[in-house]
Amino acid sequence: MSKHDKTMKTPEFQGVEGAPILDIRNLRVVYQTDLETVEAVNGIDLTIERGKTFGLVGETGAGKTTTALSVLRLLPANTGRILSGEILFNGKNVLELDETLMQAIRGNLVSMVFQDPMSALNPVYTVGEQIAEAIRLHNPDLTKEQVEDRVDEMLKLVGIMPSRKTEYPHQFSGGMKQRVVIAMALCCEPELLIADEPTTALDVTIQAQVLAMIRELRDRLGTSMLMITHDLGIVAQTCDAVGVMYAGEIVESGTAEDIFLAEKHHPYTVGLFDSIPNLSSRTSRLKPIPGLMPDPTDLPKGCVFAERCASCMEICRQEHPGVYTEGTHKICCHLFAAPSEKEGGAK
Amino acid sequence: MYKFVIKRILFLIPTILGVTLIIYAVMNITPGNPGQAILGTGVSQEDIDAYNEKLGYNDPFLQKYVRYVKNMIFDQDFGISYVTKQDAFTEILPRYLITLKLAFLGVFLSAIIGIPLGIKAAVEQYKLWDTIPSIIAFLLAAVPAFVLGLVMLFVFCGWLNVLPSYGIGSFKHYIMPALAIAIPPAAQNFRFTKSSMLESIRQDYVRTARAKGVPEKQVIWKHVLKNALLPVITQVGLSLGTLICGAVVAEEMFSIPGVGSLIVERINYKDEPVIIAGTILIAICFTLVMLIVDVAYAYVDPRIRAKYTKSRK
Amino acid sequence: MKKGISLLLALLMMTAVLAGCGDGGSGGQTGEKVLQMRLTSALQSSDWQATTLQNDMRITWVDVFEGLYGLDEANGGYYNLLAKDVAVSEDGLTYTITLQDATFQNGDPLTAEDVVFSYEKAKENSRFNYVTSFINSVEAQDEKTVVMHLDYPNSAIAHTFWTVKIYSKAEYTEATAGGKEFGIAGHTAGTGPYILKGFDATGADLEAYENYWGGAPNIKKVRYQVIADNNAAVIAFKNGELDYFPDVPTTEWEAVKAEAGENCQMVKANDIHWLAVNYLSPTNNGILSNPKVREAIAWAINKEACVMAATSGYGTPAYEYMPHEYVATAPDYTEGGFQTYDYNIEKAKQCMLEAGYTEADMAAGIPVGDIITYGDASTPRAKEAVVIQSNLAEIGLKAEVVVQEYAVIGPRMYSQDYDLAVFGDVGNYDFNNIRQQVHSESVGMYLINYAHEDSPFDWQMMEQLVADGIATADTNERKEIYTKLWAYVMDTDTILPILHTGNGAAWSERINVPSVCPTYYHISQWSWVE
């Protein structure tokens, strides 16, 4: 199949020409139970240009997975609620589409790879069947042989022998399973691939292999990617643009150069870099960021990082900081935003 | 796979021998004897002893056991009933088939009522399709079969007069007894299926399926169901055992000439041949059903199948 | 979603449709009317010797087979049936019986050979030792005459004549050729008014024997259906699926009576529930060996209360071992002649004092052992035991009630391993049956061992009276002798009658039932209502 602009081809989905592949604006997502409300994502803006890879970095619980699930509208039905904001895929607001259209998009235009490969595959169906299912779903007019050929092709692509397609998931190792998942995600050549910590559950050597494979496929197919990770090393190797997420907000964003090489940084970003152990120098102790992320059911007024920030000021506890912009580099911190340059309001 | 099946069938032999031994031992220990039960009061002790002697009842129980087993294996002779003097096997067989009919009908009903409702309740969790059946199941799981039977008897038979109160003439006759014994297991199946479904729905692979764009209905039917129903199959198979026992109660209440009521009746007479033959038949049936369940399980779940076949490509 | 609802609806619809179709079970086909009767369990056998349950005997002993005598419960005696005439020799040792002109259901005429054969068969069966042991020989004098020689005179042979039924020798011999068992299928080997066509686990079918020597019965077809559960039987009766309902459970009597209107009757049953007091019991230093204590117990029993508790008021207090209404030679309490007891606490207490116990002892409670009976807590005897327990408490006697199954209690009773026992006896038609309880040869049948080495009783005298009772055939003489015997027994205060239960029967408006007997009904005497 040749690569062409899929969005235009899919009749039901008419995207806007020239728009960035993904544009999230002021997204707010909560998990609502009878007892409490968890404020998971609190007004984030995120843009991914076509063909580029965006890395979303942050600790566990920052709201990265929630953001990813919101794009595909796969939040748990009982509790997840998207309160406000827009998610524009090719310029079209995904939050306004009906479920049938969403199903046409999922796996087809936007695919997702999850964190834990061990349980991501259905144990009672062969891997071939599971990949074929995705293919058949979005290409109903293909013949059986054509579908099978495609399955073989995808397996070869991820480095698995096609003859293994009649085997069951439990017969594969963790790394192999993740490759299968990736094959499943890419088999319909999606425009956008969301990878939620795809290698976190694998050991380091396999990690390198799988990452290399992802990069290669991305280059070959020209897929845009949202790479969610807590590992700055992966970000350095893979991403074009980066967003640093903390307690449901993007506290710093920019190009990879901005994040890694610029002088000014959000104190949280500084803490992240500082906490990476250095291979060359000897250190007796690691340098973590003191404290814990705030309770998402009870977020503080003002800056969310204030509690743990070394450079915390009085105003940080009172007012939510505005965004300081320097070209592509954006930092949300009172240190940099002068009162007159304030954008975005207090909470 | 075949080896596994053959092995299980061969296990039947020690099962049968064991069952026979246990029954003879128990009959030996418990008080009473056929002579007394059959001849009743007004007959002298000598006469009772003579009667028992003639039946061969007074022999030491190991001797009886060995004799019985020998007859069973070599002559396919299950003995003569102490009470009716008929061949035990001939007496039991038609009644056994009736009980099986009733029990299987019960299993079928309990599955067909419990499982779909359980699936529905899991899919529509917290809504009406969940709360109402759950409450009903909660109550019914505790109600014993004979109470249900009695209620049905009075409602459908005494009051409405639409169903017969005894016998096995037509399909109508089986409805009430089958329902009476099927409803408590149906309630169990409902709750078990629902929880199994809920557990499966939470699994990661369901999320993967949705992320692939699989429509919700297909997610349930194709991805969740197959996984959720595996333990349910075992549960239903096991419930056959309960149902065969429950069938006894239904047999008594609805005058169904089944093997359960026959065995219970003959226990009072210490009619060993009939009791043993009947119990053996039930044991065989139960063992075969469990075997089928295990095979079905292996057939459906490839992880279990691998354990049995141990074939590498 | 929709699938669930539609599945459920489909199921309900299917049930309703299947339930709706069908004729509602009254068996009303065009053509012959079939009498609908009830069995509580599958017929044991079609051989009269092998049936021991009362419901089965009602079929095999009355409809299918006949003996030399028939049983007339309503008038307490026997009447000639297959025996046209019976002549007794002077010494009472020889009986000459002239047979009826009857035919078997297979067409063969009744001959003396058949009678000889049948009695041989009965003698082989230890169950009937009791009625055949004194018969020395049975011979066929000619085609229609049978001669029996007895070892000693026994007027109770009437009961034997009733008990032993006559087989067709030819058919019986043929059926048992090759070691087969007789009685496992329908047959035509009896002389009775109904032929047993067949039976299985669901019931039995009878057909009228058109050439019955006593005249073809009115009701031609009878279907016995097994209805194990009493509730189901009541419902069947209400729905018109049961024409005759014998032994109506007392708890349902009112409901059934309402349904049947005039077509029902409650009669005194031919049974007896009595309290056995084991004078040999070692409990509490042999307290029961004290005759005054036993007498106290006799006065303490509240028979009315027992009747209420055990039979819901449908029974009657008992003073006799066998109801004199049903047994011609039985002592009649209305004529006096023996001690009778009714609830009298003062007299009971008086006896206790005379026995050597003080008011204080009685207030503290004097253990007297267990009251045992068989069955379960719901049987009438168990309820009587509970009432008696509280009666005894009124006079300071402490007793525990033990109810267990017959297999456990039976052996205890027959080996005198008990203190007090509530026993039920049934099916006695000749007072000679008292022999089972008072004669030393009835080992394994009696509850009180009168002939024990420590016995203070004149058991030899009792046994002599038993022997005298059968030595004469005169009913009045026999009754006198038995009255003397029973008077002695009552004086020992070891056998204390409690009550006779009530037996209710109801029938549908399809049939005429001229009279109701407690045990055996005669379908051949009924007729369809035209």
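Lettering follows sequence order; numbering is per chain, from 1. Since we're looking at a predicted model, the values are computed, not measured.
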- Give the minimum heavy-atom separation between B:A250 and B:I181, together with the two atoms involved.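 Closest heavy-atom pair between B:A250 and B:I181: CB-CG2, 3.7 Å.
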
message: Can a donor-acceptor pair be found, under 3.5 Å and without considering hydrogens, that links the side chain of A:Q171 to the backbone of A:Y168?
response: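 The answer is yes, because a donor-acceptor pair under 3.5 Å joins these two groups.
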
### Query
Which of the residues B:V214, B:D301, B:L230 is involved in the greatest number of heavy-atom pairs with chain A at under 4.5 angstrom?
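Result: the option with the highest number of such pairs is B:V214.
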
*Verify whether one side chain among B:E251 and B:T99 offers a donor that lies under 3.5 Å from an acceptor in the other.*
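Side-chain D/A pair, B:E251 to B:T99: present.
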
Checklist entry - When only heavy atoms count and the cut-off is under 4.5 Å, which of residues 199-208 of chain B reach chain A? => result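 Expected list: B:D204, B:Y205, B:R207, B:T208.
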
Need one label for A:L74: side chain, backbone, both or neither, based on atoms under 4.5 Å from any heavy atom in chain B.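 Only the side chain of A:L74 comes within 4.5 Å of chain B.
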
Check your understanding: Taking A:P123, A:P76, A:G107 one by one, which has the highest count of heavy-atom pairs under 4.5 Å against chain B?
Key ->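 The option with the most such pairs is A:P123.
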
Going by the rule salt bridge (Lys or Arg N to Asp or Glu O under 4.0 Å), which residues pair with [X] if we only count those two or more places apart in sequence or in a different chain?
X      : answer
A:R106 : A:E99
A:D196 : none
A:D116 : none

- [ ] Answer yes or no: does atom CZ of B:F146 have more than 12 heavy-atom neighbours from other residues, nucleotides or ligands under 6.0 Å?
- [x]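 Result for CZ/B:F146: open.
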
